[in-house]
Amino acid sequence: MTTQTTGEIAGAARLDERYVREWLGGATTARLVEYDPRADTYLLPAEHAVCLTRAAGPDNLARLLGFLPQLALVEDQVDEAFRHGGGVPYSSYPRFQEVMAEESGEVVDASLVDTTLPLVEGMTERLALGVDAADVGCGRGHAVNVLGRTYPRSNFTGYDFSEEAVAFARGEADAMGLDNVRFELRDVAELGVEESFDFVTAFDCVHDQARPAQVLTGIHRALRPGGRFLMVDIKASSRLHENLDLPWGTFLYTVSLMHCMTVSLALGGDGLGTVWGEQKALAMLADAGFDETEVKGIDTDPFNNYYVCAKF
Ligand SMILES: C[S@@+](CC[C@H](N)C(=O)[O-])C[C@H]1O[C@@H](n2cnc3c(N)ncnc32)[C@H](O)[C@@H]1O
């Protein structure tokens, strides 16, 4: 990292110098950037860059905070919902799928194949031999496409009810030349599939559902005996007082209020919320019919639990 003037920084970023200088004022007083008053230059220390820049990989917190401008867009609608109930529909968040895919795509690239999949005992071997797998609430489908590329003998289906997301997912699959991957526009509460898959995944999407119990029951029904379901969802307690020490607890409840809970309520749904928690998740997985669920974790992902669920 080199120390630079505002003109040099603005030139490298192709941005307006006056705006860059004002932004650097805030970044300096936040202690993110170091300012040298004698040389009038700025430095972004390498250890800060890791958490703040796109090139830095999955530790980039800026990507996660990209949700905040989306939340700000619906402030008036949430205010209205506080007074009269109801919710804010997905259509009110124009860049939601894009922001979501940028955030989750980085994690998929960094850890899905090498770190996440091995949590499901024996699944990497089964995928290499050839199985049928599905991802519910797949969004823009990067996880499905990466799995399709990694395991050419297996077949993958991604389900989502967002037309924009499914179109993007299909485009990426075409660009990657994949013929073992397909995407279906479907309400996953009406999956309507019987014993067709050996492996189903759900990344960060069950707590958003309008009808989460039906989704989980449908996933259980869609699995063949011996199949596995990997549900990745927020790591928290279902008991509020046990979340007092969760450093990002307030962030999670805010995202829930202004997105996850309210999109569910907008569909007349349960409004489970982002912080539904482990106890509630385990109870719902058992109610859906899963015979055994193990709760696992990954050191590099303090935000999520990895529920490995078995259908015997
Ligand atoms: C938080 S995003 C996660 C997307 C993706 N799994 C990822 O990690 O990037 C939740 C996704 O669930 C989808 N979704 C929510 N309710 C759904 C439903 N009932 N049927 C199908 N998709 C649904 C949304 O469109 C959205 O793409």
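Quick caveat: nothing in here was measured; it's all calculated off a predicted structure. Whatever order the structure lists ligands and atoms in, that order sets their numbers, starting from 1.
- Not a single heavy atom of Arg211 sits closer than 4.0 Å to an atom of ligand 1.
- Taking distance alone, with nitrogen or oxygen atoms compared against 3.5 Å, Val188 approaches ligand 1 more closely than that limit.
- If you look at Ala202 next to ligand 1, there are no close heavy atoms at all, none under 4.0 Å.
- Nearest protein heavy-atom neighbour of atom 25 (O) of ligand 1: Asp160 OD1, 2.7 Å.
- Formation of a donor-acceptor pair under 3.5 Å by the Glu8 side chain with backbone atoms of Thr5 is found in this model.
- Ligand-side atoms of ligand 1 in range of Cys205: 10 (C), 12 (O), range being under 4.0 angstrom from any heavy atom.
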Listing, residues 117-125 side-chain donor-acceptor contacts under 3.5 Å, not counting sequence neighbours, or none:
none

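- The backbone N or O of Gln209 sits nowhere less than 3.5 Å from a side-chain atom of Arg211 that would complete a donor-acceptor pair.
- Relative to atom 19 (N) of ligand 1, the option among Val144, Val107, Val166, Asp187 with the closest non-hydrogen atom is Asp187.
- Using a 4.0 Å cut-off between charged nitrogen and carboxylate oxygen, Lys280 and Glu278 do not count as a salt-bridge pair.
- For Ala165, the closest heavy-atom approach to ligand 1 does not fall below 4.0 Å.
- Annotation: ring pair (Phe, Tyr, Trp, His ring centres under 6.0 Å) contacts involving residues 125-157, sequence neighbours excluded, are absent.
- An N or O contact shorter than 3.5 Å links Ser104 to ligand 1 by distance.
- Side-chain rings of Phe229 and His220 stay apart, their centers remaining 6.0 Å or farther from each other.
- Here His142 has no heavy atoms under 4.0 Å from ligand 1, in either its backbone or its side chain.
- With respect to atom 6 (N) of ligand 1, the closest heavy atom belonging to the protein is Gly137 O, 2.7 Å.
- Scanning the protein heavy atoms around atom 14 (N) of ligand 1, the nearest turns out to be Phe161 CE1, 3.5 Å.
- Residue Asp208 has at least one heavy-atom neighbour below 4.0 Å for each of these atoms of ligand 1: 1 (C), 10 (C).
- Ion pairing between Arg83 and Asp79 holds under the 4.0 Å rule for side-chain N and carboxylate O.
- Evaluated for a side-chain hydrogen bond (donor to acceptor under 3.5 Å, both in side chains) with Asp198, the options Arg224, Lys311, Arg228 yield exactly one hit, Arg224.
- Within a 6.0 Å sphere centred on CG of Asp245, heavy atoms belonging to other residues, nucleotides or ligands number 12 at most.
- Gln209 NE2, 3.1 Å is the protein heavy atom nearest to atom 16 (N) of ligand 1.
- For ligand 1, the polar-atom distance check finds no N/O of Asp135 at less than 3.5 Å from any of the ligand's N/O atoms.
- For Tyr90, every heavy-atom contact with ligand 1 shorter than 4.0 Å involves the side chain, none the backbone.
- Near Asp204, meaning under 4.0 Å from any of its heavy atoms, are these atoms of ligand 1: 1 (C), 3 (C).
- Neither the backbone nor the side chain of Val263 comes within contact range of ligand 1; no heavy atom lies under 4.0 Å.
- A salt bridge links Arg63 with Glu102: at least one charged nitrogen is closer than 4.0 Å to a carboxylate oxygen.
- For atom 21 (C) of ligand 1, the choice among Met100, Gln214, Arg186 with the nearest heavy atom turns out to be Arg186.
- Between Phe203 and ligand 1, at least one N/O pair is under 3.5 Å apart.
- One finds no salt bridge joining Arg186 and Glu190 here, because no Lys/Arg side-chain nitrogen approaches an Asp/Glu carboxylate oxygen to under 4.0 Å.
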